[in-house]
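Accompanying notes for the structure given below.
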Protein chains: 2
Amino acid sequence: MKKISSRFSMAVHILSLLATGDGATLTSERMAGSINTNPVVVRKIMGMLKKAGFLNVRAGTGGAYLLKNIEDISLLDVYRAVEVVEEHDLFNFHDNPNPDCPVGANIESVFRSTLLQAQNAMEQVLADVPLKQLVHDLNEKISSSES
Amino acid sequence: MKKISSRFSMAVHILSLLATGDGATLTSERMAGSINTNPVVVRKIMGMLKKAGFLNVRAGTGGAYLLKNIEDISLLDVYRAVEVVEEHDLFNFHDNPNPDCPVGANIESVFRSTLLQAQNAMEQVLADVPLKQLVHDLNEKISSSES
DNA sequence: ATTGTTGTAACCATATTGGGTACAACAGAC
DNA sequence: GTCTGTTGTACCCAATATGGTTACAACAAT
């Protein structure tokens with residue numbers, strides 16, 4: 001099946017770069033180098049993150065910087081900013097089951113509540129992890145792998 | 001983004017039909033009528049459910065019947081039978097982040113564990129709902145809407 | 001033998017994805 | 001004011017997955 005777009009992981013990657021970066025200007029070019037993709041892809045994703053109010057991009061001169069504290073951004077926030085998942089639409093439900101069949105007429109409402117629970121459980125895990133924690137773990141890993 | 005295939009909801013629909021059906025033979029044609037899709041789509045999905053050991057289909061003569069008790073089939077079982085989701089691959093991770101960049105080199109291992117938790121939380125909800133419960137709710141809804 | 005059904009293969013239109021080119025708008029350096 | 005490097009978009013692309021559809025051989029029961 002199709003998976004959840006890697007835009008999400010790329011967005012987290014971008015934000016992590018900004019959070020761990022020294023002052024050096026991080027252009028879309030440089031970020032693309034770390035992510036291993038095209039600069040335009042980075043710019044597109046940054047556009048979404050900008051719209052969400054997480055960062056700002058210096059037009060013309062280049063470079064991006066965070067607007068919010070990384071403890072105030074959860075992974076769910078990033079997920080939401082970057083995915084075009086309508087609030088309760090992780091699962092596709094088949095269209096127009098036959099209303100003249102008892103099962104067809106009622107299965108959707110019965111099944112949907114379970115699907116919602118499943119989706120919510122997933123999102124709750126993301127909501128519980130602030131970017132700060134991920135960056136912390138990342139830094140730990142980085143220093144341990146440097147030594 | 002892409003959603004989880006409606007094959008899943010169709011599969012649940014099929015199994016619900018078998019569970020609630022009177023003895024009448026349920027051909028792919030009839031099921032397709034309830035689901036509102038093409039008989040071939042139903043047959044394809046039934047093929048997967050058959051492979052998973054949930055049901056059997058009478059070749060030639062037609063019709064399908066359950067092989068397992070509906071309390072022994074969880075929604076996760078159905079999900080697994082019908083989706084081609086590799087065990088821990090709900091989320092796509094961008095390929096080959098740059099190993100020469102500290103962030104690029106380490107973000108995957110750090111981020112993946114969270115993604116796994118999120119996916120597991122979702123699947124756990126599905127695992128906790130046996131088909132029997134869904135069919136029970138369905139029957140309740142049906143009789144209440146009949147009155 | 002006839003009939004109705006299943007299991008597959010083949011094909012299609014559609015949508016989404018990540019990637020890529022091109023270029024105008026822009027801001028700073030000089 | 002000009003030059004330079006960057007961003008923001010608008011397009012376009014190939015690859016992939018989806019659900020649907022046609023077609024037909026295999027099959028089981030009458």
Inset, instruction - Look up atom CG in B/L90 and atom CG in A/L90, then write down how far apart they are to the nearest 0.5 Å. - result: 6.5 Å
Inset, instruction - Check each residue of residues 10-35 of chain B for a non-hydrogen atom within less than 4.0 Å of any atom in DNA chain C, then write out the ones that pass by number, or none. - result: B/T27, B/S28
Legend entry - side-chain N/O A/S6 vs C/dT17 OP1/OP2, d < 4.0 Å: no
Inset, instruction - Using atom CG of B/N36 as one end and atom P of D/dG19 as the other, report the distance to the nearest whole Å. - result: 14 Å
Inset, instruction - Starting from the 5' end of DNA chain D, give me the residue, A/A64 or B/K44, whose nearest nucleotide shows up first. - result: A/A64
Inset, instruction - Check whether any side-chain heavy atom of A/K141 lies under 4.5 Å from a side-chain heavy atom of A/D137, and answer yes or no. - result: no
Legend entry - C/dG19 phosphate, OP1 or OP2, under 4.0 Å from A/T37 side-chain N/O: yes
Inset, instruction - Grab the NZ-P distance between B/K51 and C/dG7 for me, whole Å please. - result: 11 Å
Inset, instruction - Please report the closest heavy-atom contact between B/S16 and B/L138, naming both atoms and the distance. - result: CB-CD2, 3.9 Å
Legend entry - Euclidean distance, B/M10 CE relative to B/S5 OG, rounded to 0.5 Å: 6.0 Å
Inset, instruction - Indicate yes or no: at least one non-hydrogen side-chain atom of A/N36 is less than 4.5 angstrom from one of B/H94. - result: no
Inset, instruction - Could you check whether A/K50 gets within reach of a base, just the sugar-phosphate, or nothing at all, counting any heavy atom under 4.0 Å? - result: sugar-phosphate
Legend entry - d(CZ, B/F91; C1', C/dT17) in whole Å: 17 Å
Inset, instruction - Choose from C/dG18, D/dT7, D/dG20 the nucleotide whose nearest atom is closest to any side-chain atom of A/V57. - result: D/dT7
Legend entry - Spacing between A/N38 atom CG and C/dT21 atom C1', to the nearest angstrom: 9 Å
Inset, instruction - Rounded to the nearest angstrom, tell me the gap between atom CD1 in A/I4 and atom C1' in C/dT16. - result: 14 Å
Inset, instruction - Classify the ring geometry between A/F91 and B/F8 as parallel (under 30°), tilted (30 to 60°) or perpendicular (over 60°). - result: tilted
Legend entry - A/R7 CZ to C/dT17 C1', straight-line distance once rounded to whole Å: 8 Å
Donor-acceptor contacts, no H, no angles, side chain residues 38-55 of chain A, under 3.5 Å, sequence neighbours left out:
| from | atom 1 | to | atom 2 | distance (Å) |
| --- | --- | --- | --- | --- |
| A/N38 | OD1 | A/V40 | N | 2.9 |
| A/R43 | NE | A/S28 | OG | 3.2 |

Validation: residues 124-135 of chain B side-chain donor-acceptor distances under 3.5 Å, sequence neighbours left out:
| from | atom 1 | to | atom 2 | distance (Å) |
| --- | --- | --- | --- | --- |
| B/Q124 | NE2 | B/D128 | OD1 | 3.1 |

Legend entry - Reported CG-to-CG distance for the pair A/L18 and A/N56, which is rounded to 0.5 angstrom: 11.0 Å
Inset, instruction - Kindly write out the residues that satisfy side chain to side chain contact (heavy atoms under 4.5 Å, CB included) with A/E140, not counting sequence neighbours, or none if the list is empty. - result: A/H136
Inset, instruction - Give the minimum heavy-atom separation between A/P97 and A/G104, together with the two atoms involved. - result: CB-O, 3.3 Å
Legend entry - Letter per nucleotide, 5' to 3', of nucleotides 23-30 of chain D [B base touched, S only sugar-phosphate touched, - untouched; heavy atoms, 4.0 Å]: B---BS--
Inset, instruction - Measure the distance from CG on A/D95 to P on D/dG19 and round it to the nearest whole Å. - result: 10 Å
Legend entry - Axial bend angle, the helix from C/dA1-D/dT30 to C/dC30-D/dG1: five-pair end segments, nearest 10°: 10°
Legend entry - Minimum side-chain heavy-atom gap B/L17-B/S34 below 4.5 Å: yes
Inset, instruction - Let me know the distance between OH of B/Y65 and C1' of C/dT6, rounded to the nearest Å. - result: 13 Å
